[in-house]
Amino acid sequence: MDTGSRRIDDLDGGLDLRATLESGQSYLWRRDDGRTYEQGASGDGWYHTVLPASTTRTNEAEVLRVRQVDGRLEWEASTPYAPDRIAELLRLDDDLEAIVSNTPDDDLVDAAYEAHRGLRLVRDPPFACLVSFICSAQMHVSRIFDMQVALAEAYGETVRFDGREYAAYPTPERLAEATERELRSLSLGYRAPYVRRTAEMVATGEARPEEAQDLDYEAAREWLTRFVGVGEKVADCVLLFSLGYLEAVPLDTWIRRAIAEHYPHCDRDSYEATSRAIREQFGGEFAGYAQTYVFHHLRTGG
DNA sequence: TATCCAAGGTAAGTT
DNA sequence: AACTTACCTTGGATA
């Protein structure tokens with residue numbers, strides 16, 4: 001077991017681990033006690049995620065545990081590469097100070113940045129991000145988490161770490177073997193055939209989400225919609241929360257509500273046009289950061 | 001207790 | 001290309 005820690009103060013713009021992992025941008029980390037943001041703080045503050053073997057340098061499934069305490073980010077992991085992996089997954093190298101100060105002045109965005117200082121975007125593994133956001137359609141945040149746990153427990157590799165068993169996120173190959181009926185039994189509803197078919201596309205090599213990285217932002221968004229169950233909104237989520245397109249602004253119900261109430265001039269007749277307008281409103285290059293702060297702020301009653 | 005409704009939308013069928 | 005409609009499931013709100 002590899003353990004260690006680093007000072008939060010050494011990170012430009014700090015870190016709010018809870019806001020980062022429970023703001024609805026990633027569904028791949030869980031509190032040890034399995035509870036979610038809406039249920040309030042509890043437990044000892046540890047979060048864990050399990051990366052499938054096919055995505056790790058060691059070629060073995062990796063368990064990462066992290067918590068924030070006394071101004072430090074602590075970790076326990078089954079891999080010696082934990083520091084690099086955590087920095088990658090939590091975007092610890094982003095200069096949050098610079099990003100915040102480079103965003104245009106705006107009452108709502110300023111309030112969101114102020115209320116949740118330290119919230120960082122994540123860099124989720126592409127396939128897991130893709131599947132989790134296919135699951136997110138018309139679904140409550142807490143249940144999206146539950147779906148990912150159900151998928152991992154049903155189809156993921158079991159990993160033993162520090163006396164406890166963890167389930168890795170399923171591989172495309174294993175998920176492609178699932179039947180629609182099986183997936184529906186996990187309460188995926190109409191998303192079941194989408195997940196199965198998309199997993200099959202990745203497993204057979206027909207298309208992999210990483211391939212979008214070769215394209216400019218709007219072309220990448222369009223390209224991702226080839227996956228079944230992926231429209232413009234989910235494509236934006238994958239671009240922002242996995243592939244590093246920080247200008248992406250997923251137009252979900254909360255952001256559309258914000259546009260109606262705060263930025264009516266950005267409300268256009270198509271996703272593409274509204275997207276362009278709100279991205280400009282949010283300062284372009286890092287518009288996705290503003291989106292995620294505003295989303296979290298509104299969802300938590302801001 | 002029964003019914004309604006929204007939840008980080010998308011696909012398929014029509015105009 | 002823009003517009004409609006159906007779609008699984010569940011927890012919380014409303015009657």
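Below, read A as the first sequence line, B as the second, and so on, with proteins coming before strands; counting in each chain starts at 1.
Distance check, rounded to the nearest 0.5 Å: CG of A:Asp93 to CG of A:Asp12 gives 9.0 Å.
Between A:Glu22 and A:Arg31 there is a salt bridge, since at least one side-chain N of the basic residue sits less than 4.0 Å from a carboxylate O of the acidic one. The pair A:Glu211-A:Arg226 fails the salt-bridge criterion, with no side-chain N (NZ, NE, NH1 or NH2) lying under 4.0 Å from an Asp/Glu carboxylate O. Salt bridge present: A:Glu200 and A:Arg196 bring a charged side-chain N and a carboxylate O closer than 4.0 Å. Salt bridge annotation for A:Arg276-A:Glu218: present, with a cationic side-chain nitrogen under 4.0 angstrom from a carboxylate oxygen.
In this model, no side-chain donor or acceptor of A:Tyr194 finds a partner on the base of B:dG9 within 3.5 Å.
As a whole-Å value, the separation of A:Arg184 CZ from C:dT10 P is 12 Å. Taking atom CZ of residue A:Phe227 and atom P of nucleotide B:dA11, one finds them 12 Å apart after rounding to whole Å. Residue A:Leu224 contributes atom CG, which lies 12 Å from atom P of B:dT10 at whole-angstrom precision. Straight-line distance from the CD1 atom of A:Ile134 to the C1' atom of B:dA11: 13 Å, rounded to whole Å. Whole-Å rounding puts the A:Leu188 CG to B:dG9 P distance at 15 Å. Rounding to whole angstrom units, CZ of residue A:Arg221 and P of B:dT10 are separated by 11 Å. Distance CD (A:Glu232) to P (C:dC3): 13 Å, rounded to an integer number of Å. At whole-Å resolution of the value, OH in A:Tyr271 and C1' in B:dA11 are 17 Å apart.
A 3.5 Å limit on both hydrogen-bonding distances identifies no Watson-Crick or G-U partner for C:dC8.
Between the C1' atoms of C:dT10 and B:dA11, the separation comes to 23 Å (whole Å). Taking atom P on both nucleotides, C:dA6 is separated from B:dC5 by 15 Å, rounded to a whole Å. Only the P atoms considered, B:dT10 is 24 Å distant from C:dG11, to the nearest whole Å. Rounded to whole Å, the separation between the P atoms of C:dT5 and B:dG8 comes to 24 Å. Taking atom P on both nucleotides, B:dG13 is separated from C:dC8 by 14 Å, rounded to a whole Å.
Within a 6.0 Å sphere centred on CD of A:Glu222, heavy atoms belonging to other residues, nucleotides or ligands number 12 at most.
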Q.
At under 4.0 Å between heavy atoms, how does the protein contact nucleotides 2-8 of chain B? Give one character per nucleotide, 5' to 3', with B, S or -.
A. ----BBB
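If you check every strand for non-hydrogen atoms under 4.0 Å, A:Gly189 touches a base.
Side-chain N or O atoms of A:Arg120 include one that pairs as donor or acceptor with a backbone N or O of A:Gly14 at under 3.5 Å.
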